[in-house]
Amino acid sequence: MADEMLTIYVMGKAYEVPRDLTIMKAMEYAGYRFLRGCGCRGAFCGACGTVYRTKDDYRLKVGLACQEVVQDEMYLSEIPFFPGNKSNYNVERLKPNAESVLKNYPEVFRCLACNTCTKACPQDIEVMEYIQAALRGDIEKAADLSFDCLMCGLCAARCPAEIVQYNVALLCRRLYSRHVAPKAKHLAKRFKEVKRRKFDKELADLKGMKKRDLAKLYDARDIEQAD
Amino acid sequence: MNYTPSMLESMKRIEATREFRMTQDLPLLDPVQKVDLLENYHPDYIEDVFRELKVGPSKGTMTPKEFAELFEAYSVLDPEKFDLSKIDYDVDVLVVGGGGAGAAAALVAKEKGASVLLVTKLRFGDANTIMAQGGIQGADKANDSPSIHYLDVMGGGRYFNDPDLAEALVIDAPEVLAWLEKLGVMFDKEADGTMMSIHGGGTSRQRMHAARDYTGGEIMKTLRDEAQNHGIDAIEFSPVYELLTDGKKVTGAILYNMETYDFLVVRAKTVILATGGAGRLHVAGFPTTNHYGATADGLVLGYRAGAPLVFMDTIQYHPTGAAYPEQLLGQLVTEKVRGLGGQLVNTAGHRFIYELETRDVEAAAIIRECGERKKGVTTPSGYVSVWLDTPIIEAKHGAGTIRKRLPAMFRQYQRFGIDMSQIPLLVYPTQHYQNGGLKITADTETPVKNLYAAGEVAGGIHGRNRLMGNSLLGVVVFGRRAGEAAAERAASIKKPGKLTLGHLKKFHAALKAARVSKKHVAPMLLPEYRRPETIEQKLPVLP
Ligand SMILES: Cc1cc2nc3c(=O)[nH]c(=O)nc-3n(C[C@H](O)[C@H](O)[C@H](O)COP(=O)(O)OP(=O)(O)OC[C@H]3O[C@@H](n4cnc5c(N)ncnc54)[C@H](O)[C@@H]3O)c2cc1C
Ligand code: SF4
Ligand code: SF4
Ligand code: FES
């Protein structure tokens, strides 16, 4: 049994926990009940950013508590909240260029290209690259590179230039999608047809059908071949 | 990873049959086979999972025991003593829940001129919405139409759906997709702007739209950003603990600040419940895909205030929850994996069900394969599961497809040393979606006046089984409808209502009359994952 357990230090206090647990589950095993620092429990929400050190290593490491597995002699603390600067804007009125980025987040100018953010990212995103792309006005690239961002804040917590990378990223994705990406013409067309009430009669007929007749239609419906 | 020798052998059998399976056609089950499979293997048909409600507006209906315990529980508040004289917030529309439905509702209510307060239990956006990977449906292609979509929805729900709600869902879909596109949600598109779309279980057209495999995440982040840009007040870690009524109509709510343990009083002309699902109840011991705050609170709040529930005797188990590695237990392996051609395969290397049947059918088939047929694969921790062949996706669509189309999935497994483009995954059903919920009309009002419900907390839209992609859609469709209806109603209410806990007093009396024990309190707010030993030792020293 003993070798199946290991010791972790949560904010300085030692706890024996089973190996193979994630930091989150190990903390619960130790007796913590999460209020902050726990959201999706599956690497989607970014609520569980954690800083830690391991034995004989001077470096400060970061990860997601719901994903990272505990190691023996791990010293850890969650950082469940990080006060980050968020600009308020109207996406409609902005143009997809560097000016829009800098107007809302002038601190992007201060990027030292130190790459600390990239090293911190638990999603393996090229954070510095997307910040540099945003700075150049390459909104498409910034949007593409930052797509998997969970807004966990670990990059911002480490950035010497005090940039809030995830908010810059979100601005770029919204700018790209609103102004650069080509519009879905078929969607606009369908929306117009709906407004012209093209489907109202069909739907009313279906709604009025008996269950048995509807089932007949359903069972006989043709299914589009997947490509 | 620590695959056991028998797992490795089984994996070889999967590889050996892959080429044959590439071109193998499996037929859809006929309606009789489907019913047979469901009635014999789906947890919804296991009597022992359920019990009858003895108290409240849905008295006499069946629901899983875990739900019943909460619906028939006392509040920690004493309705005789609670002081409602000091009003902390006074607004037109109170939105309860910071997921997709709540965010959409708040935006539209604000746009309609209402003063809006959004309160939520965790952070704004910590919700099931942010976890949705696969996609969002909408009939926007030339070969598709809202009517075809409607037929899929009804058939999927076994024709139990409320036709008005199903109609609202499909007819609003194009508008909702256009709204999201305009707000700047980064949908997957072809070079000419055509939305990329694929099948989901039970769809007859390829109408599943996606933003890679962070679809819900993209939508949630965009809506939250937009809400912040519009200056919508959002109070986090302050769930609603009880609704307030004037005896009949809803007039506000009591918040609980989970960090300072204070109760706060909100007076509101209308209240929208958008509290999402209930996976964290772990019905019948199943693991879940849901976020930490999915504890059925909204159902409890509405029920006590007199709002009936519908279809609370059906739960959606997602057929493909992760069974291995243990750290991922219960987490979702998105249906898109099967949409892209991934196959369910038993330990012998054989397929046993066409992969794009509806979810209930898929789940039942896996349960049968692992149970009665004994064709499952046992993991080191003793879970029995089946393979989900993912390398076949690359064999079909080319190397790199998984990384490109399923980056979140790929990374999830990569973190634990599993390359899903090379080796198959192990899966078993997991509690995923609450098919039923509060009864609503097409403009989302519950039978309790001025109380609205939207998103997963509402029932009837999907009948007895929801199709993938229709929930994210429903969340935005009904969230928007709720925002509009609640704002309009609020504008028509001139005098703010009286704040009382009269409904709770009545409810407590009914519980007492039915001799319900005081063991359970609700709403639950957060699930309990500490070890029982730890909890038993704890005394309320610093309450
Ligand atoms: C892993 C996963 C993948 C999914 N994939 C898809 C998919 O591909 N396509 C699809 O269509 N659907 C999918 N779904 C389903 C879909 O995401 C959800 O049904 C939908 O997002 C629910 O949205 P909602 O706004 O109703 O609830 P949620 O997004 O869950 O939001 C509810 C909010 O209310 C808060 N809350 C709870 N109780 C209280 C309280 N007492 N007071 C205040 N606030 C409270 C919660 O904390 C949360 O913020 C998926 C679900 C999961 C879990
Ligand atoms: S950490 Fe900050 S300064 Fe360094 S590269 Fe990243 S954004 Fe630039
Ligand atoms: S880019 Fe920053 S906020 Fe986004 S996931 Fe990476 S570390 Fe977290
Ligand atoms: S809890 Fe959501 S990312 Fe870890």
[X] and [Y] ion-paired at < 4.0 Å:
X: Glu181(B); Y: Arg178(A); answer: no
X: Asp219(A); Y: Lys34(B); answer: no
X: Arg190(A); Y: Asp144(B); answer: no

Between [X] (side chain) and [Y] (backbone), is there a donor-acceptor pair under 3.5 Å?
X: Asp140(B); Y: His186(A); value: no
X: Gln412(B); Y: Ala43(A); value: no
X: His199(B); Y: Glu224(A); value: yes
X: Arg33(A); Y: Leu526(B); value: yes

Pick one of side chain, backbone, both or neither for [X], based on which atoms fall under 4.5 Å of a heavy atom in chain A.
X: Arg224(B); value: side chain
X: Met154(B); value: side chain
X: Phe160(B); value: side chain
X: Arg205(B); value: both
X: Lys189(B); value: side chain
X: Tyr529(B); value: both
X: Leu525(B); value: neither
X: Ala191(B); value: backbone
X: Leu177(B); value: both
X: Arg123(B); value: side chain
X: Asp172(B); value: neither
X: Pro146(B); value: both
X: Asp164(B); value: both
X: Asp192(B); value: backbone

Closest approach of [X] and [Y], non-hydrogen atoms and distance?
X: Val69(A); Y: Gln327(B); result: CG2-NE2, 3.5 Å
X: Ala211(B); Y: Phe147(A); result: O-CZ, 3.4 Å
X: Phe237(B); Y: Leu35(A); result: CE2-O, 3.4 Å
X: Asp148(A); Y: Pro407(B); result: OD2-CB, 3.8 Å
X: Cys45(A); Y: Ile130(B); result: CB-CG2, 3.9 Å
X: Val194(A); Y: Pro174(B); result: CG2-CG, 3.8 Å

Evaluate the criterion salt bridge (charged side-chain N to carboxylate O under 4.0 Å, His left out) for residue pair Glu175(B) and Lys195(A); output intermediate values, then yes/no. CA-CA 9 Å; Glu175(B) 178 173 7; Lys195(A) 274 202 286 201; over 6 Å; no
Do [X] and [Y] have side chains that get closer than 4.5 Å, going by heavy atoms?
X: Leu64(A); Y: Arg415(B); answer: yes
X: Asp152(B); Y: Tyr218(A); answer: yes
X: Glu218(B); Y: Arg173(A); answer: yes
X: Thr203(B); Y: Ile223(A); answer: no

Enclosure of Glu202(A) CD (heavy-atom neighbours >12, cutoff 6.0 Å): yes
Inspect the surroundings of CZ in Arg530(B) and state if more than 12 heavy atoms from other residues, nucleotides or ligands are less than 6.0 Å away. yes
Derivation and outcome, salt bridge (charged side-chain N to carboxylate O under 4.0 Å, His left out), residues Asp225(B) and Lys86(A): CA-CA 9 Å; Asp225(B) 191 52; Lys86(A) 146 102 183 90; 2.9 Å; yes
Determine whether the aromatic ring centres of residues Tyr214(B) and Phe44(A) are separated by less than 6.0 angstrom. yes
Could you go through Asp144(A) and Arg212(B), starting from their C-alpha distance and side-chain angles, then the distance that decides it, and tell me whether this counts as salt bridge (charged side-chain N to carboxylate O under 4.0 Å, His left out)? CA-CA 11 Å; Asp144(A) 179 53; Arg212(B) 301 190 196 172; 2.5 Å; yes
For Leu170(A), is it the side chain, the backbone, both, or neither that has a heavy atom closer than 4.5 Å to a heavy atom of chain B? side chain
Taking side chain as everything from C-beta outward and backbone as N, CA, C, O, which of these in Ala188(A) sits under 4.5 Å from a heavy atom of chain B? Side chain, backbone, both or neither. neither
Indicate whether the side chain of Asn88(A) and that of Gln228(B) have a donor and an acceptor atom separated by less than 3.5 Å. no
Kindly indicate whether a cation-pi arrangement holds for Arg531(B) with Tyr29(A), taking the cut-offs as under 6.0 Å to the six-membered ring centre and within 45° of the axis. yes
If we define contacts as heavy-atom pairs under 4.5 Å, which of Gln123(A), His179(A), Lys211(A) has the most with chain B? Gln123(A)
